[in-house]
Amino acid sequence: MSSLTLGIAILIISAAYFFVANRASSSQRAAGTKFHSLPHYYGLYAALLAFLPAFAILLVLAIGDDLVFRSLALDFVPDEVKASKNYKEVIVMAQITNVVDGINFGEQPDWVYAAAEAWKGWDATSTTLRTILVISLSLLGGMFAYRQVNPGFRSRNAVERIIMTILAASSAIAILTTIGIVFSVIFESLRFFALVPVSEFLFGTTWNPQFEGAERAGSGQMGLATYGSVPLFAGTFLISIVALTVSVPVGLFSAIYLSEYATPKVRAVVKPVMELLAGVPTVVYGFFAALTVAPFIRSTGMSLGLDVASESALAAGLVMGIMIIPFVSSLSDDVINAVPQALRDAAYGLGSTHSETVRQVVLPAALPGVVASILLAVSRAVGETMIVVMAAGLAANLSFNPLDAVTTVTSQIVTILVGDQEFESAKTLSAFALALTLIVITLGLNFVALQIVKKYREQYE
Amino acid sequence: MNSADQSHNFATAGLPAETVGDVHVDHPRMTARNVDVFYGDKQAIDNVTLDIGEKQVISFIGPSGCGKSTFLRCLNRMNDTIDICRITGEIALDGQNIYDPKIDVVPLRARVGMVFQKPNPFPKSIFDNVAYGPRIHGIATSKDELNDIVESSLERAGLWNEVKDRLHQPGTGLSGGQQQRLCIARAIAVSPEVILMDEPCSALDPIATAKIEELIAELSSEYTIVIVTHSMQQAARVSQRTAYFHLGKLVEVGNTDQIFTNPQHEMTNNYITGRFG
C-alpha cells in the first residue's frame with residue numbers, strides 16, 4: 001500500500017474506534033454506570049491512539065527507508081570504482097535510482113543493474129512491512145484505548161494531555177525548521193570559509209566574486225576573485241537608513257494620528273488602507289522604484305547639477321521606506337492604544353493639551369513598544385530583496401552617498417544563486433556566508449526587540 | 001427625541017420633582033444650574049442644581065449608575081473627552097460659566113484638579129509626576145522653585161517622609177495607597193481651587209484609606225473638595241455636606257450630620273439604612 005492509502009486506512013480505523021468506544025461507553029452509561037468522562041471523550045481517546053502513533057511511524061518510514069536503501073546500495077559498488085579519482089557518491093546513487101525509476105541514459109555497468117534490482121526488492125519488502133506495521137500499530141493502539149473504556153478511566157484528562165502534546169509538537173516543528181535552516185547555512189558557510197579566510201570576508205572592502213573556471217582560464221574580468229563583504233553590508237545599511245528616515249517618522253506620526261486624533265470612522269477606513277501597503281508584493285514596489293522613482297530622482301538631481309546614478313540607493317531606500325510604513329504604524333498604533341486611558345485622563349485632569357498629553361505621557365509610556373516596532377522594521381529593511389535587486393544596482397561600490405548605485409547582501413545572494421552555477425566554487429558558497437551573517441544580524445535585532453518588548457510589559461502594572 | 005420621551009428612560013417612581021434640602025450655600029465656589037447630561041440619547045443627569053461651598057468637603061453618594069461620577073466629571077469638563085457626551089445648563093466657577101465657548105479648558109482643569117478612582121501615576125519618577133503640572137503650566141520660574149513646589153506638594157499629601165530618599169525612582173513602584181497620595185500631590189502641585197475626587201479610596205486597603213481620609217480633612221482647610229464615594233461611612237467621616245443622587249437626579253442634599261441622622265426623603269432614608277444601593 002502506498003503511504004497515501006495507508007494514511008487513509010488508519011484514518012478509517014480511527015473513525016471506527018471512535019464509534020466503537022463511544023458506543024461502548026454510552027451504552028454502559030445508559031445502563032446506569034457512572035463514567036468519569038462523557039462518552040465522546042472515550043471515543044476521541046481511542047481514535048487518537050489509533051491514529052497518532054501509526055501516523056508518526058508512517059512519516060518516519062516514508063523518509064527513513066530511502067536512507068537505509070542508499071547505504072545498502074553502496075555495497076554493490078565495486079571497490080575499484082570507489083577508489084577511482086572521480087568517484088562521487090551522489091552520481092552513483094543517481095545512476096542507481098534512475099534505473100529503479102526506469103529512466104535509462106545509455107548502457108550502465110552491470111553492478112548498477114544488480115543494485116537497482118536489489119533496491120526494487122527492498123522497496124517491495126519495505127512496503128509490505130510498512131503496511132503491516134502501520135495497520136497493526138493502529139489496530140493495537142485503538143484496541144489498547146478501547147480496553148480502557150471503564151468508569152474509572154479519566155479519558156477527558158487523557159485527551160487533554162494528547163492535545164497538549166500535539167500543540168507542543170506543532171511549535172517544535174517551527175523551531176526545528178529554523179534550526180535546520182541555520183545549520184544548513186552554517187555548514188555551507190564553513191565550506192566557504194575553508195576557501196576564503198574569515199577575516200577577508202568580514203573586513204575586506206572589495207567584493208568581486210568570480211567563477212573559478214573563469215579565473216583558471218585567465219579571463220577573470222577584474223583580476224582575482226575577492227570576497228570582502230564590507231561594501232555589501234555598507235550598501236544594506238545605507239539603504240536601510242534611507243528607508244528608516246522615511247518610514248519611522250511617517251509611520252509613527254500616522255500611528256499617533258490614528259490612535260489619538262482620528263475619529264473612529266476615519267480610523268476604520270484609514271487603518272486597513274494603510275495596511276494594504278503591506279500587502280503589495282515587493283516586486284511591484286521594485287518596478288515602481290526602478291521605473292518611476294529612480295528616473296525621477298535622476299532627472300531632479302540632474303536639474304540641480306548633481307551626478308545621480310540611474311539606479312541609486314536613494315530610490316531603493318525611499319520605496320522600501322514606503323513599504324515598511326505599515327510595519328511601523330500598525331505596531332506603534334497597537335502599543336499607543338495599549339497605553340491605559342487612565343494615564344491620558346490624569347494628564348488632561350492636570351490641564352494638559354492634547355499634544356502635550358501625547359508627547360509627555362502617551363509616547364514615553366509607549367516608547368519601548370514603538371522602539372520594538374522600529375527594530376522589526378529594521379529587520380524587514382535589512383532582509384528586503386526584490387526592491388534592491390531591481391532598483392539599487394549591482395555594483396559593489398563602497399559608498400555612503402545615497403545618490404550612488406550600491407548593492408546589498410540580499411541582492412548579491414540572488415545574483416550569485418540565480419542561473420547556472422558550479423556548486424563547489426567559492427562564489428556560490430559565498431552566498432551562504434552572506435546569508436549566515438545576515439541571519440545573525442537579523443536574529444540579533446529581533447532579540448533586542450524582544451528584550452525591549454519584555455521590559456515594556458512591566459511598565460505600567 | 002424630545003425631553004418627555006427621555007424621561008421615560010427613568011424609573012421615576014418615588015423620585016422627588018425637586019431636590020429636597022437646601023441646594024444653596026452662602027459662599028459658593030462652584031454653582032451648577034439645571035444641568036442635564038446626555039450620552040447619545042441616554043440621559044445620565046436630569047436637571048441638577050447645586051452649590052459647592054468654598055473650603056468645604058461635599059460628598060456625592062448614591063447607588064452605582066446614579067450619575068454622581070458623571071456630574072463630578074462635568075465640573076472640570078473631563079466629559080469633553082467623550083464624543084457622545086452632551087451637556088446643557090450652566091456650571092460656573094467663581095461666577096464664570098465654564099461651558100462658555102470663550103473659556104479655555106486647559107487652565108480650567110488646572111484650577112479644578114482631579115483625583116481618579118484608580119491611582120494613575122505616570123510611568124515617570126516620583127519627582128517628575130509631581131513636577132508635571134507645574135512644568136506644563138510654567139508655574140515654577142526656576143529649578144529651586146520647582147523643587148520647592150514638589151517638596152511642599154508631597155508634604156501636604158503626607159508622602160514626603162516616605163519618598164524623599166527616592167524621588168527619582170518610578171512612581172509606579174509605590175504601594176497603592178502611596179500612589180494615590182502621589183496623585184493627590186500631583187493634583188495640588190498646580191495649586192487648584194477645587195479638587196474633584198472620584199472614589200479615591202475604592203482601590204485601597206483600610207489603612208491606606210484612613211490616611212487618605214485624614215489628608216482630605218487637612219486639605220479642606222485650603223481647598224474646595226468634591227468627593228464621590230460608595231462608602232457612606234467615608235462620606236460621614238470626611239464631608240460637611242452630602243448630596244444623594246438617584247437615577248440621574250439629585251434627590252437630597254444637606255449637611256452631612258442631618259443627611260445621615262435625619263434624612264428628609266424616603267429614598268435617601270432607604271439608601272442610608274442599606275435597603276438598596
Side-chain angles (χ1 to χ4, degrees), chain A residues 252 255-271 332 334-373 451-461, chain B residues 72-73 75-84 104-125 128-139 153 170-173 179-180 182-192 194-198 203:
Chain A
L252 193 55
I256 293 171
Y257 171 71
L258 282 181
S259 55
E260 295 290 324
Y261 290 89
T263 61
K265 272 183 194 164
V266 174
R267 186 185 153 85
V269 176
V270 174
K271 201 175 182 201
S332 301
D334 289 345
V335 289
I336 291 173
N337 265 328
V339 172
Q341 182 61 31
L343 288 184
R344 293 187 187 94
D345 284 348
Y348 290 135
L350 287 165
S352 312
T353 62
H354 205 153
S355 83
E356 279 168 350
T357 306
V358 171
R359 268 183 292 133
Q360 296 175 9
V361 175
V362 177
L363 278 189
L367 189 67
V370 171
V371 171
S373 82
Q451 291 304 308
I452 292 171
V453 169
K454 217 185 248 171
K455 202 182 153 212
Y456 171 64
R457 281 200 193 115
E458 298 164 358
Q459 270 281 305
Y460 33 74
E461 308 236 13
Chain B
L72 184 81
R73 289 167 66 93
L75 298 176
N76 72 342
R77 292 181 56 180
M78 278 305 280
N79 284 334
D80 287 14
T81 54
I82 301 165
D83 291 331
I84 56 165
D104 182 4
V105 68
V106 165
L108 168 73
R109 289 193 188 134
R111 291 171 69 193
V112 184
M114 185 146 191
V115 175
F116 296 84
Q117 187 167 1
K118 227 180 126 204
N120 54 357
F122 299 129
K124 301 175 189 286
S125 72
D128 287 341
N129 261 287
V130 183
Y132 180 88
R135 275 183 181 142
I136 58 168
H137 296 298
I139 289 171
S153 304
T172 42
Q179 287 189 12
Q180 194 61 300
L182 177 62
C183 292
I184 293 174
R186 184 176 64 183
I188 59 184
V190 292
S191 327
V194 181
I195 303 175
L196 311 176
M197 296 186 173
D198 190 357

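To find a chain, count down the sequence lines: A is the first, B the second, and so on, and within it residues start at 1.
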Tell me, side chain or backbone of A/Q341 under 4.5 Å from chain B's heavy atoms, or both, or neither?
-> neither
N/O donor-acceptor pair under 3.5 Å between B/D198 side chain and B/L72 backbone | no
Is the shortest side-chain N to carboxylate O distance from B/R109 to B/D104 below 4.0 Å?
-> no
Contacts of A/Y261 that satisfy ring pair (Phe, Tyr, Trp, His ring centres under 6.0 Å) - sequence neighbours left out | A/H354
Part of B/V112 within contact of chain A (heavy atom distance under 4.5 Å) = backbone
Proximity breakdown for B/R186 and chain A, heavy-atom pairs closer than 4.5 Å | both
Residue from A/A347, A/A346, A/P264 scoring the most non-hydrogen pairs under 4.5 Å with chain B is A/A346
Donor-acceptor side-chain pairing of A/R344 and B/N120 below 3.5 angstrom = no
Sorted by chain and number, sequence neighbours left out, ring pair (Phe, Tyr, Trp, His ring centres under 6.0 Å) with B/Y132 holds for B/F122
Against chain A, label B/P170 side chain, backbone, both or neither, depending on which of its atoms sit under 4.5 Å from a heavy atom there.
-> neither
